[in-house]
Visitor: 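Can you keep this structure in mind? I'll have questions shortly.
Basis for what follows: all heavy atoms, side chains included, without hydrogens, waters or symmetry-related copies. Numbers restart at 1 for each chain; the letters A, B, ... are given by sequence-line order, proteins then strands.
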Amino acid sequence: MERHYRLTRRFMPGNRMNRRQRSAVTAVLIAVLLAAVSIGAALLGQGGLNTHLDMRNLPPSAMHPFGTDWLGRDMFTRTVKGLALSVRVGLAAACFSAAIAAAVGLASAALGKTADRLLSWLIDLFLSVPHLVSLILIAFVCGGGMKGVIAGVALTHWPSLARIIRAEALQLRAADYAHVSRRLGKSRWWVATRHFMPHIAPQLLVGLLMLFPHAILHEAAISFIGLGLSPHEPSIGIILSEAMRYLSAGLWWLAVFPGLALLVVVRSFDRLGEHVRCLTDPRHARE
Amino acid sequence: MLRNLCAFAGWKAIRLVLLLAAVSVISFMLIEWSPIDPVQAYIGADMLRVGPEQREAIAAYWGLDRPPAERFFKWAAALLQGDMGTSMIYRQPVSQVIAERFAASALLMAAAWLLSGLVGFAAGVIAAARRGRLIDRAVQWICYTLASTPPFWLGLLLLMTFAVWLGWFPVGLSVPAGVLADQVTLADRIRHMALPALTLSVAGIAPVALHTRQKLIDVLSSDYVLFAKARGEKGAGLLLRHGLRNIAIPAVTLQFASFSELFGGAVLAEQVFSYPGLGQATVEAGLRGDVPLLLGLVLCSAVFVFAGNTMADLIGRMIDPRIREGKVL
């Protein structure tokens with residue numbers, strides 16, 4: 001890191017960015033990339049999705065960078081549209097999940113010891129069954145489809161974030177101003193929203209960003225299994241499970257590129273979360 | 001010591017009973033709320049030939065006309081006697097299906113678990129020992145990338161490369177097709193298990209490697225390591241004496257506590273390689289609406305995760321006297 005920094009200083013004397021600024025720039029660039037995927041999917045149009053039976057199973061070329069599938073559809077168009085769908089579903093699920101986590105975390109700090117014990121037990125309970133198994137159960141109960149996926153991912157991912165928020169809010173409860181507020185007759189709700197909420201907001205934002213990668217991966221997994229989105233809504237999971245049938249025929253590009261694209265998007269979300277965490281963390285502010 | 005251990009076991013047993021009770025109540029309620037009509041699911045494709053009277057007869061036969069609370073207690077009472085019902089897709093008792101498949105899955109998961117633990121631990125130690133160098137950055141980069149990789153896609157890539165393209169390993173199943181059960185050799189089983197186990201273990205490397213790296217860095221920057229260096233210790237001896245002893249316990253604990261991810265990964269790996277284990281049974285039960293099997297598997301996976309966490313606690317207590325005496329670390 002140090003060496004890299006000196007090199008940039010030497011070769012770009014006008015560039016006086018410190019680590020935080022570079023972090024901010026990287027975060028913005030990643031956000032732009034992710035926005036470009038979503039907007040690009042809308043701009044691409046339906047042209048690439050038409051079936052061209054004379055252009056079936058073409059390997060990657062300049063015209064079709066990701067090749068074409070067994071119906072002659074352009075895999076690049078399918079991949080970008082699938083990614084956008086995966087990102088949308090992941091976004092919705094992560095938002096719901098963060099909302100549950102915030103509610104549970106705040107409630108267990110604000111409502112007193114009994115509620116705290118009960119909610120902690122609830123958190124442990126949700127962590128006691130593997131995510132994917134409870135996801136399958138919830139998706140099955142909802143009868144599959146987008147609703148089931150969003151509900152399943154949202155209901156399985158909140159406990160770890162709720163734990164973090166609970167710990168943070170418990171610290172705040174011990175603070176003097178929280179005690180004083182209660183003694184002055186403010187309600188628990190008032191203390192939770194006015195005193196706890198502003199403090200945990202950055203944590204919540206980072207937690208939300210860190211939930212995205214997991215939410216997207218689990219959405220893809222449950223769709224891949226066949227319990228998620230229907231084949232009419234081709235997210236990456238669906239594309240990959242369809243590609244599996246053509247693997248033995250040697251159509252490697254059907255699986256490689258969509259999966260790689262998903263990996264890049266998930267990794268970008270992960271980096272974005274990491275950079276935002278550094279930016280909001282006061283311990284990094286001195287640099 | 002013995003009394004302590006008994007208290008620990010008793011406490012754990014109470015927790016397990018509470019956990020299973022809660023999981024079964026919640027799962028039962030979820031299934032109850034679902035828009036899926038059990039009679040419809042039972043009839044399946046014959047719906048045109050079944051009239052309303054017959055539907056009522058089926059509902060009465062299975063006790064579906066009773067209130068939910070009564071049905072729950074009937075189900076729970078049967079469960080306590082070890083009867084988990086009959087799987088609709090396999091036409092066998094659920095406990096038998098789970099027992100058969102657990103044997104196959106346990107082998108797969110144990111192999112993957114050991115492999116990921118060893119490789120992850122070694123990678124973490126190397127990265128921390130060479131902190132800031134190229135190899136450290138490479139290990140970190142690879143770990144973060146692996147953590148973002150969809151495990152089933154990794155399985156597809158391995159399948160494509162080693163089974164379809166190079167032909168080194170079979171494409172799926174746990175034993176060769178068309179061979180009698182008593183003629184299947186151990187080598188056959190290992191060959192069929194290799195790719196799913198590899199997929200599953202690669203997915204588990206990242207957490208243990210990153211955790212080990214961080215712990216070892218913390219240890220290496222501590223005062224006693226500084227003092228050891230001042231006394232003239234260096235290299236592998238220093239690492240072995242002061243580093244590895246301190247980081248071994250958290251790594252083992254973490255690996256035992258990762259049973260939940262292991263089970264989830266097994267679902268995907270088994271699905272890609274058509275490996276007949278618990279994971280594949282879970283997917284089949286979900287896809288084809290086999291409620292008794294699904295409920296049985298949910299409970300089974302909860303017990304599995306609980307066993308992992310308990311072992312993590314137990315090993316921590318056995319090795320580390322500070323945890324045993326109830327001191328907070």
Visitor: Give, for atom OG of A:S223 and atom CZ of B:F152, the distance between the pair rounded to the nearest 0.5 Å.
Guide: 8.0 Å
Visitor: Find out whether the Lys NZ or Arg CZ of A:R271 is both under 6.0 angstrom from the six-membered ring centre of B:W141 and within 45° of the ring's axis.
Guide: no
Visitor: Hey, is the main chain of A:L240 close enough, under 3.5 Å, to the side chain of B:W153 for a donor-acceptor pair?
Guide: no
Visitor: How long is the straight-line distance from CG of A:L227 back to CG of B:L287, given to the nearest 0.5 Å?
Guide: 4.5 Å
Visitor: A:L135 versus chain B, heavy atoms under 4.5 Å apart: side chain, backbone, both or neither?
Guide: neither
Visitor: Do you know which of B:L268, B:T282, B:L262 has the most heavy-atom pairs under 4.5 Å to chain A?
Guide: B:L268
Visitor: Hey, could you give me the CE/CG distance between A:M244 and B:L156, rounded to the nearest 0.5 Å?
Guide: 6.5 Å
Visitor: Do you know which of B:F306, B:F304, B:F263 has the most heavy-atom pairs under 4.5 Å to chain A?
Guide: B:F263
Visitor: Highest number of heavy-atom pairs under 4.5 Å with chain A: which of B:G279, B:G264, B:S301?
Guide: B:S301
Visitor: Rounded at 0.5 Å granularity, tell me how far CZ in A:F140 sits from CD1 in B:I31.
Guide: 5.0 Å
Visitor: Give, as side chain, backbone, both or neither, the part of B:I26 having an atom under 4.5 angstrom from any heavy atom of chain A.
Guide: side chain
Visitor: Go through B:L297, B:L19, B:L157, B:L295 and name the one with the most non-hydrogen pairs under 4.5 angstrom from chain A.
Guide: B:L19
Visitor: Rounded to the nearest 0.5 Å, how far apart are CZ of A:R267 and CG of B:L146?
Guide: 9.5 Å
Visitor: If we define contacts as heavy-atom pairs under 4.5 Å, which of A:V129, A:L217, A:V264 has the most with chain B?
Guide: A:L217
